[in-house]
Amino acid sequence: MAAMLQKLRSSMKEDLQLAVDDIRREVHEVGTRLNALEEKTDDLCQANDGILDKIRQMESEQARLTAKLADLEDRSRRNNIRVRGVPESVAGSDIPEYLRQLFTAIQPNLEPADLRLDRAHRVPKPATLARDIPRDIVTRLHYFSAKDAILTAQRKSTAMPPGYEKISLFADLSPMTMARRRAFINVTKCLRNHKIPYRWGFPTKLLIWRNGTLTKLEDPDQGMHKLKAWGLFPDHAPPNHPVSPGQVTQEWTKVKRKK
């Protein structure tokens, strides 16, 4: 009987030792795999951070190139004036003479020789506008000084000359510059309501004169915060923009495991 018990004990001990050895082997294999996964994760985190740094660098370069491209296009349009509200009854061949009369009425100090037009033509209008709204006219004046004098006189005037009450004049800017300026619409509207003078700078930013101090606003959110600080727009909350992805940080401490 004792021999049978001893044999059973030995058999159970051998089986238990085999089971323990299997568990140890599996734990070792899992530890080895976990070490490999942690090292691979470290490599991926570092690679991800490198990619994010490169993306930020490329975004900065793209923004710089976009601003430069917009500036080049705006410079190519610097002698242009966009005229809005001219009836479609004014034929294409009559547009130059119509514009000369309009510009003379706005700025009488200009000589006829100053009103040399290199070109003048209508441009397609957005499909969203009503059909009865006339197309804009874009004209290029040969002399920038004449173009600047006309727009300055129009800005300072409280109303357009008689016979041209429905006409509006604008600087002809690139679509990129117009899109960036439209982003400031809430800021500029508030400034106009409070009769605070401002002008546009390059790259697109607002230059505001208030209480004898010049303030530069680089983006709309900065403008809204500044208006709130001045007590001009207290109830408006700046829009939230998507947060760009950040760098990945480790959420564990890698421990060296015994083999």
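Since this is a predicted model, take the numbers as computed values, not measurements.
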Enquirer: Are the side chain of Glu88 and the backbone of Arg135 linked by a donor-acceptor contact shorter than 3.5 Å?
Expert: yes
Enquirer: Among side-chain atoms of Asp21 and Gln17, is any donor-acceptor pair under 3.5 angstrom?
Expert: yes
Enquirer: Within this structure, what is the CE-CG distance for the pair Met58 and Leu65, rounded to the nearest 0.5 Å?
Expert: 10.5 Å
Enquirer: Near Lys216 NZ, under 6.0 Å, is it more than 12 heavy atoms from other residues, nucleotides or ligands?
Expert: no
Enquirer: Hey, what do you get for CZ (Arg180) to OG (Ser174), rounding to the nearest 0.5 Å?
Expert: 10.5 Å
Enquirer: When you measure from the side chain of Thr188 to the backbone of Phe184, do you find a donor-acceptor pair of N or O atoms at a distance under 3.5 Å?
Expert: yes
Enquirer: Assigning hydrophobic clusters by single linkage (Ile, Leu, Val, Met, Phe, Trp, Tyr; side-chain heavy-atom cutoff under 4.5 Å), is Leu173 placed with Val138?
Expert: no
Enquirer: Give a yes or no answer on whether the side chain of Asn193 reaches the backbone of Lys189 with a donor-acceptor pair at less than 3.5 Å.
Expert: yes
Enquirer: So, Lys147 side chain and Ile81 main chain: donor-acceptor pair closer than 3.5 Å or not?
Expert: no
Enquirer: Measure the shortest side-chain to side-chain distance between Trp230 and Asn211 over non-hydrogen atoms and say whether it is less than 4.5 angstrom.
Expert: no
Enquirer: Could you walk me through whether Ile167 and Tyr98 pass side chain to side chain contact (heavy atoms under 4.5 Å, CB included), step by step?
Expert: CA-CA 12 Å; Ile167 306 298; Tyr98 181 93; 3.8 Å; yes
Enquirer: Where the side chain of Lys226 meets the backbone of Leu217, is there a donor-acceptor pair that is under 3.5 Å apart?
Expert: no
Enquirer: State, with a plain yes or no, whether a side-chain heavy atom of Leu191 is found less than 4.5 Å away from one of Ile208.
Expert: yes
Enquirer: Treat each ILVMFWY residue as a node, draw an edge where side-chain heavy atoms are under 4.5 Å apart, and state whether Leu227 and Trp200 are in one component.
Expert: yes
Enquirer: Between Arg100 and Thr104, what is the shortest heavy-atom contact and its length?
Expert: O-OG1, 2.8 Å
Enquirer: Does the distance from a Lys or Arg side-chain N to an Asp or Glu carboxylate O, for Arg64 and Glu61, drop under 4.0 Å?
Expert: yes
Enquirer: Atom OG1 of Thr139 and atom CG of Leu99: how far apart are they, to the nearest 0.5 Å?
Expert: 5.5 Å
Enquirer: Output the distance between atom CD (Glu38) and atom SG (Cys45), rounded to the nearest 0.5 Å.
Expert: 11.0 Å
Enquirer: Would the number of heavy atoms belonging to other residues, nucleotides or ligands and lying under 6.0 Å from CD of Glu165 be above 12?
Expert: yes
Enquirer: Ignoring hydrogens and angles, state whether a donor on the side chain of Arg192 or Tyr198 is under 3.5 Å from an acceptor on the partner side chain.
Expert: yes
Enquirer: Could you see if Tyr164 belongs to whatever hydrophobic cluster contains Ile106? Use Ile, Leu, Val, Met, Phe, Trp, Tyr and a side-chain cutoff under 4.5 Å.
Expert: yes
Enquirer: Assess whether atom CZ of Arg75 is packed by more than 12 heavy atoms of other residues, nucleotides or ligands within 6.0 Å.
Expert: no
Enquirer: For the atom pair CG (Asp219) and OG1 (Thr204), what is the distance rounded to the nearest 0.5 Å?
Expert: 12.0 Å
Enquirer: Output the distance between atom CD1 (Ile95) and atom CG (Leu102), rounded to the nearest 0.5 Å.
Expert: 12.0 Å
Enquirer: Is there a donor-acceptor pair closer than 3.5 Å between any side-chain N or O of Thr152 and the backbone N or O of Ala149?
Expert: no
Enquirer: How about Met224 and Val187: do any of their side-chain heavy atoms sit closer than 4.5 Å?
Expert: yes
Enquirer: Hey, are Asp53 and Arg56 close enough for a salt bridge, meaning a charged N less than 4.0 Å from a carboxylate O?
Expert: yes
Enquirer: Do Pro134 and Val86 have side-chain heavy atoms sitting under 4.5 Å apart?
Expert: no
Enquirer: Measure across Gln154 and Leu169 and return the closest heavy-atom pair with its distance rounded to 0.1 Å.
Expert: OE1-O, 3.8 Å
Enquirer: Main chain of Leu141, side chain of Asn79: is a donor-acceptor contact present, judged purely on distance under 3.5 Å?
Expert: yes
Enquirer: Can you see which heavy atom on Ala130 is nearest to which on Lys125, and at what distance?
Expert: O-NZ, 2.8 Å
Enquirer: Same cluster for Leu117 and Phe170 if Ile/Leu/Val/Met/Phe/Trp/Tyr side chains link at under 4.5 Å?
Expert: no
Enquirer: Do side-chain atoms of Asp172 reach the backbone of Arg82 as a donor and acceptor pair under 3.5 angstrom?
Expert: no
Enquirer: When hydrophobic residues are tied together by side-chain contacts of less than 4.5 Å, even through go-betweens, does Ile196 share a cluster with Leu206?
Expert: yes
Enquirer: If you count the non-hydrogen atoms of other residues, nucleotides and ligands that lie under 6.0 Å from CD1 in Ile185, is the total more than 12?
Expert: no
Enquirer: Would you say Lys166 and Pro87 make side-chain contact, with heavy atoms under 4.5 Å?
Expert: no
